[in-house]
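Any value given below was found using the heavy atoms of this structure, including those in side chains, with hydrogens, waters and symmetry copies removed. The structure presented is a predicted model; accordingly, all values stated were derived computationally and were not measured.
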Amino acid sequence: MSKSYKWYKIADSINDLPFANNGLTTVTVNGKTVCLGNTNETLFACASKCPHAGGIMANGYIDAVGNIVCPLHRYKFDKNTGRNSSGEGYFLKTFPVEHRPNGVFIGFESNSMFDWIK
């Protein structure tokens with residue numbers, strides 16, 4: 001069964017997004033705050049808070065192998081799958097991002113159990 005997404009435009013281009021020096025920022029889309037990352041002009045999006053202790057992911061960093069790292073306890077997550085890569089067993093919700101000719105879009109699953117996340 002394939003997933004169905006509702007797409008939301010978040011910017012006209014990558015250059016319009018307010019990334020900090022760590023390559024991360026937060027954006028609020030359709031009432032949900034998400035962490036947005038940029039590694040070499042490739043965008044990714046995930047939940048704004050770490051599933052372990054609620055650390056703000058945009059205050060963390062992207063490590064040398066491309067994991068997003070929580071600022072509180074340094075838990076590492078694969079930016080594409082959300083899988084915890086440092087062994088603690090947590091999962092970080094991720095969202096698809098597309099760079100299209102008419103802008104940058106983020107997708108939220110339609111009728112998802114994650115619709116309540118803000």
How many angstroms lie between [atom1] in [X] and [atom2] in [Y], if you round to the nearest 0.5 Å?
X     : Y     : atom1 : atom2 : answer
Asn22 : Ile62 : CG    : CD1   : 7.0 Å
Ile56 : Cys70 : CD1   : SG    : 9.0 Å
Cys50 : Tyr90 : SG    : OH    : 8.0 Å
Lys49 : Leu92 : NZ    : CG    : 13.0 Å
Leu17 : Asn38 : CG    : CG    : 8.0 Å
Asp12 : Ile14 : CG    : CD1   : 12.5 Å

Inset, instruction - Take Phe44 and Thr39 through the test side chain to side chain contact (heavy atoms under 4.5 Å, CB included) and record every step on the way to the result. - result: CA-CA 8 Å; Phe44 66 91; Thr39 56; 4.2 Å; yes

Legend entry - Other residues, nucleotides, ligands: >12 heavy atoms within 6.0 Å of Arg83 CZ: no

Legend entry - Heavy atoms from other residues, nucleotides or ligands near NZ of Lys79 exceed 12 (cutoff 6.0 Å): yes

Inset, instruction - Tell me whether the guanidinium CZ or amine NZ of Arg100 lies under 6.0 angstrom from the six-membered ring centre of Phe105 and within 45° of its axis. - result: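 Checked: cation-pi criterion met.
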
Legend entry - Geometric cation-pi criterion Lys93 and Phe95, 6.0 Å radius, 45° cone: yes

Inset, instruction - Examine the side chains of Thr33 and Thr28 and answer whether a donor and an acceptor come within less than 3.5 Å of each other. - result: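 Yes, a side-chain donor-acceptor pair sits under 3.5 Å.
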
Closest approach of [X] and [Y], non-hydrogen atoms and distance?
X     : Y     : result
Cys35 : Ala47 : CB-O, 3.8 Å
Thr94 : Gly82 : CG2-N, 3.5 Å
Lys76 : Asn67 : CB-CB, 4.1 Å
Asp78 : Asn80 : OD1-N, 2.7 Å

Legend entry - Hydrophobic cluster membership, Phe77 vs Tyr61, 4.5 Å side-chain cutoff: no

Inset, instruction - Look at the side-chain heavy atoms of Ile, Leu, Val, Met, Phe, Trp and Tyr, link any pair under 4.5 Å apart, and say whether Tyr5 and Val29 land in one connected group. - result: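 In one cluster with Tyr5: Val29, no.
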
Inset, instruction - Could you label the plane-to-plane angle of the Tyr75 and His52 rings as parallel, tilted or perpendicular, counting under 30° as parallel and over 60° as perpendicular? - result: tilted

Legend entry - Ion pair Lys9/Glu98, N-O distance below 4.0 Å: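 No salt bridge links Lys9 with Glu98.
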
Inset, instruction - Run the numbers on Ile68 and Cys46 for side chain to side chain contact (heavy atoms under 4.5 Å, CB included), then give the verdict. - result: CA-CA 9 Å; Ile68 183 168; Cys46 61; 3.9 Å; yes

Legend entry - Steps toward side chain to side chain contact (heavy atoms under 4.5 Å, CB included) verdict (Val104, Val97): CA-CA 7 Å; Val104 179; Val97 180; 3.9 Å; yes

Inset, instruction - Go through the steps to decide whether Met57 and Leu24 satisfy the test side chain to side chain contact (heavy atoms under 4.5 Å, CB included), and finish with yes or no. - result: CA-CA 8 Å; Met57 297 305 289; Leu24 301 168; 6.0 Å; no

Legend entry - By ring-ring contact (aromatic ring centres under 6.0 Å, His included) - contacts of Tyr8 (at least two apart):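 Only Phe108 meet the ring-ring contact (aromatic ring centres under 6.0 Å, His included) criterion with Tyr8.
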
